[in-house]
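Below you'll find the structure, written out as structure tokens, and then a few comments.
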Amino acid sequence: MSDTQDRPTDEPDTDQQLDGEYDPETVEPNWQQQWVEDETYAYDVDADTRYSIDTPPPTVSGNLHMGHLYQFTLQDFVARYRRMKEGTVYFPFGYDDNGIASERLTERELGINHSDYERREFQEKCRDVCQDYEDAFTKDIQSLAISVDWDNTYKTIEPRVQRTSQLSFLDLYEQGREYQQRAPTIWCPDCETAISQVEQEDLNKHTKFNDIAFDIVETGDGSDGDQFTISTTRPELLPACVSVFVHPDDDENQHLVGGTARVPLFGQEVPIIEDDRVDLETGSGLVMCCTFGDQTDIEWYQAHDLDLRIAIDESGTMTDVADEYEGLTTHEAREAIIEDLDDAGYLLESRDHEHTVQVHERCDEEVEYLVTEQWYVKLLDKKDEYLEAGREMDWFPDKMFTRYEHWIEGLEWDWCISRQRDSGIPFPVWYCDDCGEIIFADRDELPVDPLSDDPPVDACPECGHSEFVPEEDVFDTWATSSLTPLINAGWDWDDGEFTYDNPELYPSNLRPQGHDIISFWLFHTVIKCYEHTDEVPFEHVMINGMVLDENREAMSKSKGNVIAPSEVLENFPVDAARYWAAGTSIGDDFPYRKGDLEAGERLLQKLWNASRLVDQLTPQAGTVEEVPETELAEIDRWLLAELDETVDLVTERFENYEFSKARTELRDFFWSTFCDDYLEIAKQRLDSGPNPSTEFTLVRAHRTFLKLFAPLLPHITEELWTRVYGEEASVHTSDWPTAGGYEADLQAGETAMAVISALRGYKSDNGLALNAPLSNVKIFGHVGEFAEPVAEAMHVDEIEATEDEPEITTEISGVDLDYSLVGPEFGNEVGDIDAAIEAGEFEVDGDSLLVGGEYELGADMFEIERTRIYSGEGQMIETEHAVVIVQE
RNA sequence: GGGUUUGUGGUCUAGUUCGGUUAUGACACCUCCUUGACAUGGAGGAGGCCGGCAGUUCAAAUCUGCCCAAACCCA
């Protein structure tokens, strides 16, 4: 590392030149601290224009990973661009710390179980554990230069958010969008709570497929019968068996339908019924129905009005229905029952089997289906409306809308929002102990906890009874996190109506999030906000992909391929990591790539060195005077005109969240046009004394580059902005650049740059130093006023440029056809034309081309390809639009 | 099992909406060059016929169909 970097950053000195190498190790942490101290990213309520981002609040469940780094960096590109473009940005930060994830973290961290504590006590422990993680997380986010406004943060467990969440519950109930029902529910026996459809996922498990004999009590048609076989993976459900099903096409077992069977060991007699939902391919073709083993059991239970036999309780323990097995866990009961079946001669076979089971995504425990009383939000009756709501938002990339669409189309359950957990936001609800009437909290009193607060009435309005039972359940965590746009806008209830602290923040401009939670966070947010406000919560939705390892595989602890951000940042500057993150196509999964980090590091070095040169060439950089366009030298105007195009292009890229293209196009223009070409020219022009036109151009271009790079590379641009120009205000709060309306002969410029490039190649090929003089160069082509700059940059003594044809002999070597014109005109004769040209059977006749004596092609359809032969002094080089003759 | 998305040189990627001449760029690789901002630089080179097959067309990476592979979502 350089030892010349001990300059204090708080004393900008415009006269002091940049020197040495860029030292991100000290520069980056300095600025991160400075930005937080200066509140550089504070939201300005009074600004005329603004942009708001509904930041995803991470669940507090562990440490920062690459996904966080990637996702928050993408959001930060938008935030920084918009802050410069619009003036101010609302970029808050939240922690989602009220759900099962943080409960399980607390249990893990402290080695405790929630059921051993009072709810209050356990909640306190959760808060403490979460607080530590949140503090560490905040530091991490700051060290990534995420430009969050740290004055606007929230936690989903804090009282203000609890109030919002309970308010939402009451409003949806009043609108008739919620109901309470006792029904089969998806249940996690490990977490001991109801869960919703989205929280379950598939898992392949090894298990045993058991063939069990059932005694026939009587057959359906009175024929003889002794036993039949049922294949099941879940023998512990035998006590809950309420019927046996036969498929209508199952000829072999048709005689059983209408009969009765006896369940082994438990003895209950159950009906044998016909139903086409039986899977003929699996097992014996006969299936037992238990209340409940899976969703089909629920359907059968409802369709055939079967008995209810509940053999498993909330904790996955066998009930008294299981007779002697009562008190065993389901796993223990399974073992015991198989053994006893075997002893009794009812177990015919037990074989290995692999199948897919539904598990709770948080703990991988197999779900059960229990009949319990739960609260639901209605979804199924408004699918079409919610689809339409999704269409009202702009999706980036738009293909991600399909996921939202399919999720809604596939919905089969209303949303169960009650959870039997400790850490969460309570339902603001009590029940009359006598008649069961539901008593809701007053909106003005929220937040309430029915476990410690009294209901708002002394007597039941229905029956007059004065004893009440509190609702003990808490909300599903998504019931609260689906309100983030409203939390950000300060949605509240005051004086009999809904209000906003910051009405300008709703709807939000942008919802950024991963594609994995479209069906969780995005869907639930859209429907809840839509029901509360009658409008969709977002203008744009930006969906990011997942971070993969270098072999394009998902990072996971079990694969051991997880890369920690801290590991990356030990070896690379944050700006380099951001350069990598900008390499994505939005929505696609994105591999970690060391090469990109290295390329980012090189760009930082290039930017630093180019800035050093600009700084050296323009001693008065901070105070350079604007030169009117009419007084600018042609070459300077050309650079500024090219820059205009890049400004427009990069702006459009940011508007469309095309960070990868913004990065590539900006880098290319900066590196090849500005550094390779223009700086070389400027260097020579300023060599011969002061030149206001070039100095102004250098400064204008350089300042523009710093701004364009600022969203992607916030540290180095800030450092240069301050040091080169002595600016006191941050580059990140400066205005986004706009095109200056410069006009120049871009075609001539392009040709001239190609000539420079060709001369550079000539010198390289001929073993000459780049600064070696060339005595004479002739350019045949349109380079306008740029011959002189070319001569300066390439150290040419004498240069001549002419648009005349070069004084060389040519030989026709072929014909290039414009197939977009020739094709439609000649159709399937194109093959003949090609063949004739190939055979040399063509001649030029004035403006047209005669081919094979048969076809006549117009002037716009072809171009004659010539080989140039030069035998004069010097050497000929060809570029696309010019021929150059060089003499050393 | 169904659906969605993706499949371009060793790696990553542009181009695919509205088919059209030599398929873009970066990283890695090879050769040459100490040039006074930068060797984390510059010049040059090799490497792909666009997952596979079939079709439409004068013309297909680009359109259609089928197949294969991967990821995700849902059964």
Side-chain angles (χ1 to χ4, degrees), chain A residues 17-22 197-198 200-202 281 295 356 358 397-407 409-412 514-519 545-546 548 550-554 576 580 583-585 587-617 658 660-661 663-665 667-668 671-672 675-676 679-680 682-684 687 757-772 795 814-834 861-863 865:
Chain A
Q17 295 198 329
L18 295 176
D19 47 20
E21 290 187 358
Y22 177 50
Q197 188 181 341
V198 277
Q200 59 173 3
E201 61 184 21
D202 293 351
E281 306 295 311
Q295 276 200 53
T356 309
Q358 297 291 318
D398 55 11
K399 66 188 176 194
M400 284 297 170
F401 173 70
T402 322
R403 301 213 179 178
Y404 177 92
E405 203 175 12
H406 282 100
W407 170 251
E409 284 168 358
L411 274 176
E412 285 174 10
H515 61 58
D516 54 333
I517 53 173
I518 289 175
S519 51
M546 304 290 117
L548 310 174
E550 289 200 87
N551 300 316
R552 274 205 158 268
E553 289 191 38
W580 159 74
T584 179
S585 269
D588 286 354
D589 288 349
F590 190 55
Y592 172 76
R593 235 176 312 147
K594 205 173 167 203
D596 248 26
L597 287 148
E598 289 164 351
E601 228 178 352
R602 276 199 293 275
L603 175 61
L604 297 181
Q605 198 62 38
K606 188 76 178 177
L607 188 53
W608 183 263
N609 285 320
S611 299
R612 272 172 65 187
L613 179 59
V614 170
D615 195 32
Q616 285 168 23
L617 295 175
E658 296 173 308
S660 174
K661 289 178 179 169
R663 180 188 87 163
T664 306
E665 286 157 3
R667 178 188 182 278
D668 286 354
W671 204 303
S672 58
C675 293
D676 289 351
L679 278 181
E680 290 303 323
K683 216 163 30 176
Q684 304 309 323
D687 212 26
S757 179
L759 292 175
R760 210 182 284 137
Y762 172 87
K763 290 187 180 182
S764 182
D765 288 347
N766 290 284
L768 299 173
L770 268 187
N771 60 356
H795 303 267
V815 177
D816 268 342
L817 298 182
D818 182 347
Y819 288 95
S820 66
L821 295 173
V822 176
E825 174 79 21
F826 293 94
N828 53 16
E829 290 166 335
V830 170
D832 296 342
I833 295 176
D834 276 337
M861 289 184 181
F862 70 96
E863 212 165 301
E865 211 174 74

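Residue numbering restarts at 1 for every chain, and letters A, B, ... go by the order of the sequence lines. Because the structure is predicted, anything quoted here is derived from the model rather than measured.
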Open item on the list: Categorize A:E658 for me: base, sugar-phosphate, or nothing, with a 4.0 angstrom heavy-atom threshold over every strand shown.
Closed with: nothing
Here the distance between atom P of B:rC38 and atom OH of A:Y22, to the nearest Å, is 19 Å
Residue pairs passing the salt bridge (charged side-chain N to carboxylate O under 4.0 Å, His left out) test with at least one member in residues 596-609 of chain A, sequence neighbours excluded, are A:R593-A:D596, A:D596-A:R663
With sequence neighbours left out, the residues meeting side chain to side chain donor-acceptor pair (under 3.5 Å) with A:T664 are none
Its dot-bracket string being built from Watson-Crick and G-U pairs below 3.5 Å, with | for another strand and [ ] for crossing, RNA chain B has the pattern (((((((..(((.......[....))).(((((.......))))).....(((((..]....)))))))))))).
- request: Please state the P separation for the pair B:rG65 and B:rU22 - nearest whole angstrom.
  value: 28 Å
Say you pick atom C1' in B:rA23 and the same atom in B:rU31; how far apart are they, in whole Å?
26 Å
Residues at least two apart in sequence or cross-chain that pass salt bridge (Lys or Arg N to Asp or Glu O under 4.0 Å) with A:E405, listed by chain then number, are A:R391
Categorize A:D676 for me: base, sugar-phosphate, or nothing, with a 4.0 angstrom heavy-atom threshold over every strand shown.
sugar-phosphate
Query raised in the report: What distance, rounded to whole Å, do you find between the two C1' atoms, one in B:rC53 and one in B:rA14?
Result: 27 Å
Touch class at under 4.0 angstrom, heavy-atom based, for A:W580 against every strand present: nothing
For A:K683, the side chain to side chain donor-acceptor pair (under 3.5 Å) test, sequence neighbours excluded, returns A:E680
Original post:
Between B:rG15 and B:rU34, how far is it from one P atom to the other, in whole Å?
Top reply: 40 Å
For nucleotides B:rA46 and B:rC30, find the distance between their P atoms and express it as a whole number of Å.
16 Å
Nucleotide by nucleotide, nucleotides 18-23 of chain B touches protein heavy atoms under 4.0 Å in the pattern (B base, S sugar-phosphate only, - none) --BB--
Sorted by chain and residue number, the side chain to side chain donor-acceptor pair (under 3.5 Å) partners of A:S820 (sequence neighbours excluded) come out as A:D818
Salt bridge (Lys or Arg N to Asp or Glu O under 4.0 Å) filter on A:R667, not counting sequence neighbours, yields none
Taken in chain and number order and not counting sequence neighbours, the residues that satisfy side chain to side chain donor-acceptor pair (under 3.5 Å) with A:E658 are A:R653
Anything under 3.5 Å between a protein N or O and an N or O of nucleotides 27-30 of chain B, put it in a table, one pair a line.
none

ring-ring contact (aromatic ring centres under 6.0 Å, His included) filter on A:F401, not counting sequence neighbours, yields A:W395, A:Y404
